[in-house]
Structures are given as C-alpha cells and as structure tokens.
Amino acid sequence: MDKIIVTGGKRLEGEIKVSGAKNAALPILISSLLADGWNTYRNVPRLMDIESTKVLLSNLGAEIETDGDTVRINAQGFHNHEAPYDLVRKMRASILVLGPILARLKKARVSLPGGCAIGARPINLHLKGLARLGAAIDLKHGYVEAKAPRLKGNEIYFDVTTVTGTENLLMAAVLAEGTTVLRNVAREPEVKALADVLVQMGADISGAGTSMMVIKGVPELKPVSVSILPDRIETGTLMVAAALTRGEVVLTGCEPGHLEAVIHKLRLTGAEVITAGSRIKVSGPAEISSVDVKTLAYPGFPTDMQAQFMVLMSMAKGLSIISETIFENRFIHVSELKRMGADINISGDTALIKGVPRLGGAPVMATDLRASASLVLAGLAAKGTTEVRRVYHLDRGYESLDKKLALLGADIHREKE
Ligand code: EPU
C-alpha cells in the first residue's frame, strides 16, 4: 500500500483541470445494464471505485473497453443476477445494481453492503421502494433476494432523502409498467445527471433536480454516448487547498453552479472566489476567518466537503462550529487532526473548532475517503512533514490528487508503505 508524504508551507499556484464526478460516473456506468448495445462514457475519472464497478459489471456479464477516460460498455451478455459479497463489500455503491438487475432479469441476489467507517448506512429505503414497485424481497444469509416478474409503477415517498436510494429506484422505475411518482427525492446534481442519461436512453422522466420525479415506464431503452459531469467534491477540495495555502489557483472544466454553498462559505472565510463559465479562481485570504457550517442534502453544504472545510477552520482566527447532520460517524479525521495540533472538541454531531496559527506535520491515517483528503490538505498547510497512510481510500475517489497538487507547487510525493 502507498503512503503520501507532504511537506507543508508551499503556496499553491497555477491552473488545473477537474476530473469527472465519481458519484455521477458510478450510477451512470451501472445504468448501462438497462439497454443492450455499446454505450460510450467520456470524462470517466480514473479511480479505484470505477475499477471496482467495471469488475462488478463484467461479473454480471457486460463487456467493457477502456481507453483513457473513455469507457465503453455493452450489456448484451448480462444474464447473471448475482452480485457477490466480495465485489459489493469493496464499494457500497455496488448496491446500485439491484434496481437494474431486477428491472431486466426479474430477479436479483445482491450482497448487503454492511456498515462502513462513516456510519451504519442502511438501505431500508431502497428495499421499501422496490417493494412498492411490486418486488418480493427477502434478506437471506447476508444477501438481498428480490423477485418481480414485472415491476409496476407506484407512489413512493422517501422518509429521508437518499442519493443512491433515489438512483436505484429511478433505474428500476424506468422499465416498470405504468407511472411511478418519487417524492422527497435527492436533488444532488449526480442524481439529475443519471436521470438525464436515462432520458437520453429513451426513458420518460420529469422533475429531475427537484424533490419530486415522475417516471412513465417504457418497454426498452437504447444505448447512449455521454460525458460525465465535473466532480464538485474534487473541485471543492482543491478550492480549500488554495485557500488554506494562501494560494491562487484556477480550476477549469468545473461547474460552479453545483458548488454554491461551498463558494458562499469560502467567501465568508475571506477567500476571493471568482467564477466565469466553467472556471473558478480561488485566492486565499491573508487571515482565515472562522465560519460555521452545517452539512445538509443538496443544495445545502455537502457532507463530502465537511472534513476538508474543518481543516480550514482549524487554522482560522476564532471559533467555528461544524454540524454533521447526514452521517452519524463522520468525524473520523478529528482525532488525526488533533495529533497535528488542531484544537477540536466533539459533542454529538457537532465539532467546536478553535483555530490555531499553524498545524504541525505528523504520521496520520484515515479509514474514509474524504477524511483522507482532509489529512492531505492539513499536510499542505502544516509545519514540517506529514505522512498520510492507507492512501487506498484516497485513490478510491480522487484521480491523482497528489499529482495535481504537485503540479500546483505542493511538496508532495508517494512512497510504498
Ligand atoms: N439512509 C437511510 N436509509 C436508506 C438510505 C439512506 O436511512 O435506505 C440515510 C443514511 O444513513 C444517511 C442519509 O440517509 O443518513 C443520506 O444517505 P444517502 O443514501 O444519501 O447516501 P449514499 O447514497 O449512500 C451518497 C454518496 C456519498 C455521499 C452521500 C450524501 C454515492 C456513491 N455516494 O451516498 O458519497 O456522502 O450520498 O451526499 O453517491 C463519498 O463520495 O465520499 C461519499 C460517501
């Protein structure tokens, strides 16, 4: 396994292109199961989670070709209805195959993903929704076993907005008989991106991007050629890196409209953020002001940016409060940041952060993707050298973060652990 070594204190400067969005690419690649023939996906980020998805899809019978950031998938040979534990446990998003398998093969056997570092992450709403579409669902020996000779449209209300839950139901409903109404759905750009791809495949969906979607089932879909939207979390992570190092960074190929909450909060810290088309320029403040943040479903402040923003607040002037309302255990980075000299106290879902003038480098490690990214950011601003271990988590969701930061002038490299 690799580790990343960062020596802090370098001001980030320059221009860098943002990669395609992990959390859009995963459901969109999986939606290839819904039609026969070759689909083409461009701007697919090169990530471990994408590799895991390809293994999962080929295990189900799909044919896959990759050329740089273009992935082509043909689901003509998709006849296997089972997603085994060994594939699902590597990536929770694997549960997204449940809807398409059920829609196309009438029966599915998919391993339950289990808990993960950031929380229990149940899938009860995915299952309740599929049951409302007429699926008979059993939980046996750690697997979801679902059967539905023909899925039938129905009204579904989500008690909690869920990103992958909405996506799973969307992929099941597009081929169901009749009309499905999904209420209180996730409005994340990645959900809308999936709906847009499904519409290009011939699905009849209205309301994507709002809290209610209406899906009129169609008998079959056709393959597509599409490009994956930019990763708003990678964009936000690099924006924080610029602010933290008092740098001046231009991000290209991004979608500023997907980052309104993050941009708003960054401006309150004193950073200058200028957006123009698909470019964002961030200039770090001389002194970071403290700002309170509460994570919420989109368009609120993203939970996937909470750890990175906390690093910024750990070096701000004064006190800030960060509340995490989406996942019950997403403060994994706090104990590691404290080892780097941060002054953070947690009480329930709230962290009280008292800014310190500077963090100090230390060996650190995290068991979650965004927490790992936050430790790399902390290393950029810390005095001395930080070793971030278990980089595996970072590679699941960031395309060459270390290389991109090095191009911006960071003193960062990778070594074998
Ligand atoms: N929830 C339930 N029951 C369900 C589903 C969700 O109670 O059946 C709860 C969860 O426990 C959580 C809340 O609903 O408290 C929201 O979870 P959601 O289902 O929206 O999360 P997810 O779909 O599993 C996606 C992203 C995450 C991101 C969250 C929140 C993908 C592949 N993953 O997860 O991304 O944090 O939405 O925005 O899209 C990451 O990229 O690092 C990451 C964890």
Side-chain angles (χ1 to χ4, degrees), residues 19-31 45 47-50 52-53 56 88 90-99 112-132 137 139 144 156-171 182 184-194 211 228-229 231-237 258 261-262 295-308 323-330 332-333 349 366-374 392-399 401:
S19 299
K22 167 179 84 84
N23 289 346
L26 299 178
I28 289 173
L29 294 189
I30 289 172
S31 73
L47 304 171
M48 287 291 292
D49 273 7
I50 296 294
S52 304
T53 305
L56 178 64
V88 175
K90 287 194 183 138
M91 189 186 61
R92 289 191 52 85
S94 305
I95 193 64
L96 283 167
V97 298
L98 184 57
L112 282 162
C116 78
I118 62 176
R121 303 182 77 181
I123 55 156
N124 57 319
L125 302 175
H126 302 228
L127 302 184
K128 272 190 190 168
L130 291 171
R132 292 277 297 164
I137 295 178
L139 298 183
V144 180
I156 295 167
Y157 169 79
F158 288 94
D159 293 322
V160 179
T161 58
T162 154
V163 173
T164 49
T166 305
E167 292 165 347
N168 231 339
L169 263 295
L170 200 50
M171 289 193 278
L182 302 179
N184 195 30
V185 297
R187 287 175 289 165
E188 270 67 5
E190 295 77 16
V191 176
K192 178 161 188 318
L194 170 67
S211 58
I228 304 295
L229 76 164
D231 196 310
R232 64 192 166 101
I233 306 301
E234 187 199 3
T235 311
T237 303
H258 293 164
V262 174
T295 63
L296 290 170
Y298 189 84
F301 190 93
T303 172
D304 290 346
M305 279 301 299
Q306 179 257 109
Q308 302 89 315
S323 313
E324 171 58 57
T325 75
I326 307 292
F327 291 113
E328 65 273 23
N329 188 29
R330 214 174 194 183
I332 300 160
H333 42 287
D349 67 358
T367 47
D368 152 49
L369 164 58
R370 309 300 170 188
S372 304
S374 78
Y392 160 79
H393 290 284
L394 199 71
D395 292 339
R396 282 191 44 211
Y398 286 92
E399 182 174 330
L401 184 64

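Positions are given from 1 along the sequence. Just so it is clear, the values below take in all heavy atoms, side chains as well, and ignore hydrogens, waters and symmetry mates. Counting starts at 1 for both ligands and their atoms, in listed order.
Taking atom 22 (P) of ligand 1 as the reference point, the nearest protein heavy-atom neighbour is Thr164 OG1, 3.5 Å. At the top of the distance list for atom 15 (O) of ligand 1, counting protein heavy atoms only, stands Ile326 O, 2.5 Å. At the shortest separation from atom 44 (C) of ligand 1 among protein heavy atoms lies Arg330 NH2, 3.4 Å. Residue, atom and distance of the protein heavy atom nearest to atom 42 (O) of ligand 1 are Arg370 NE, 2.9 Å. The protein atom (non-hydrogen) at minimum distance from atom 30 (C) of ligand 1 is Thr303 CG2, 3.8 Å. Ranking the protein heavy atoms by distance from atom 32 (C) of ligand 1 puts Asn23 OD1, 3.4 Å first. Given atom 8 (O) of ligand 1, the protein heavy atom at minimum distance is Leu125 N, 2.7 Å.
The side-chain heavy atoms of Asn124 and Asp159, taken from C-beta on, include no pair separated by under 4.5 Å. Looking at heavy atoms from C-beta onward, Met171 lies in side-chain contact with Leu194 at the 4.5 angstrom threshold. Contact annotation: the side chain of Pro302 approaches that of Ile233 to within less than 4.5 Å [non-hydrogen atoms, C-beta and beyond]. Residues Arg232 and Glu188 meet the side-chain proximity criterion, which asks for heavy atoms closer than 4.5 Å. You'll find the side chain of Phe301 stays beyond 4.5 Å of the side chain of Leu296, heavy atoms only.
Looking at Asn124 against ligand 1, both its backbone and its side chain come within 4.0 Å, counting heavy atoms. If you look at Val160 next to ligand 1, the close heavy atoms, those under 4.0 Å, all belong to the side chain. Contacts with ligand 1 closer than 4.0 Å are made by no heavy atom of Met91, backbone or side chain.
For Arg92, the closest heavy-atom approach to ligand 1 does not fall below 4.0 Å. For His126, the closest heavy-atom approach to ligand 1 falls below 4.0 Å. For the pair Thr161 and ligand 1, a heavy-atom separation below 4.0 Å is found.
The only option from Thr164, Val163, Asp304, Val191 that meets the side-chain contact (heavy atoms from CB on, under 4.5 Å) definition with Asn23 turns out to be Asp304.
Residue-to-ligand polar distances place Thr162 within reach of ligand 1: an N/O pair is separated by less than 3.5 Å.
Evaluated by nearest non-hydrogen atom to atom 36 (O) of ligand 1, the leading choice among Thr325, Asp368, Ile95, Asp304 is Asp304. Comparing Phe327, Phe158, Tyr398 by heavy-atom distance to atom 10 (C) of ligand 1, the nearest is Phe327. Summarising the contacts of atom 4 (C) of ligand 1 with Pro122, Gly300, Ala117, the nearest heavy atom is found in Pro122. Considering Glu328, Arg121, Glu324, Lys128 only, the shortest heavy-atom separation from atom 24 (O) of ligand 1 involves Arg121.
Side-chain atoms of Thr166 come within 3.5 Å of backbone N or O of Ala186 as a donor-acceptor pair. A donor-acceptor contact shorter than 3.5 Å is absent between the side chain of Asp49 and the backbone of Gly397.
Proximity to Ala93 (heavy-atom distance under 4.0 Å) selects the following atoms of ligand 1: 32 (C). Distances below 4.0 Å separate heavy atoms of Lys22 from the following atoms of ligand 1: 40 (C), 41 (O). Of all atoms in ligand 1, listed by their number and element, those nearer than 4.0 Å to a heavy atom of Val163 are 18 (P), 19 (O), 20 (O), 23 (O), 25 (C), 37 (O), 39 (O). Taking every heavy atom of Leu369 and a limit of under 4.0 angstrom, the matching atoms of ligand 1 come to 42 (O).
Taken to the nearest 0.5 Å, the CG atom of Asp349 stands 14.0 Å off from the CZ atom of Arg330. Going from atom CD1 of Ile332 over to atom OG1 of Thr367 covers 4.5 Å, rounded to the nearest 0.5 Å.
Relative to the ring axis of Tyr157, Arg132 does not place its NZ or CZ within 45° and under 6.0 Å from the centre.
In plain terms, the two heavy atoms of Leu125 and Thr162 that are nearest each other are CD1-CG2, 4.0 Å.
Between the side chains of Gln306 and Thr295, no donor N or O sits under 3.5 Å from an acceptor N or O.
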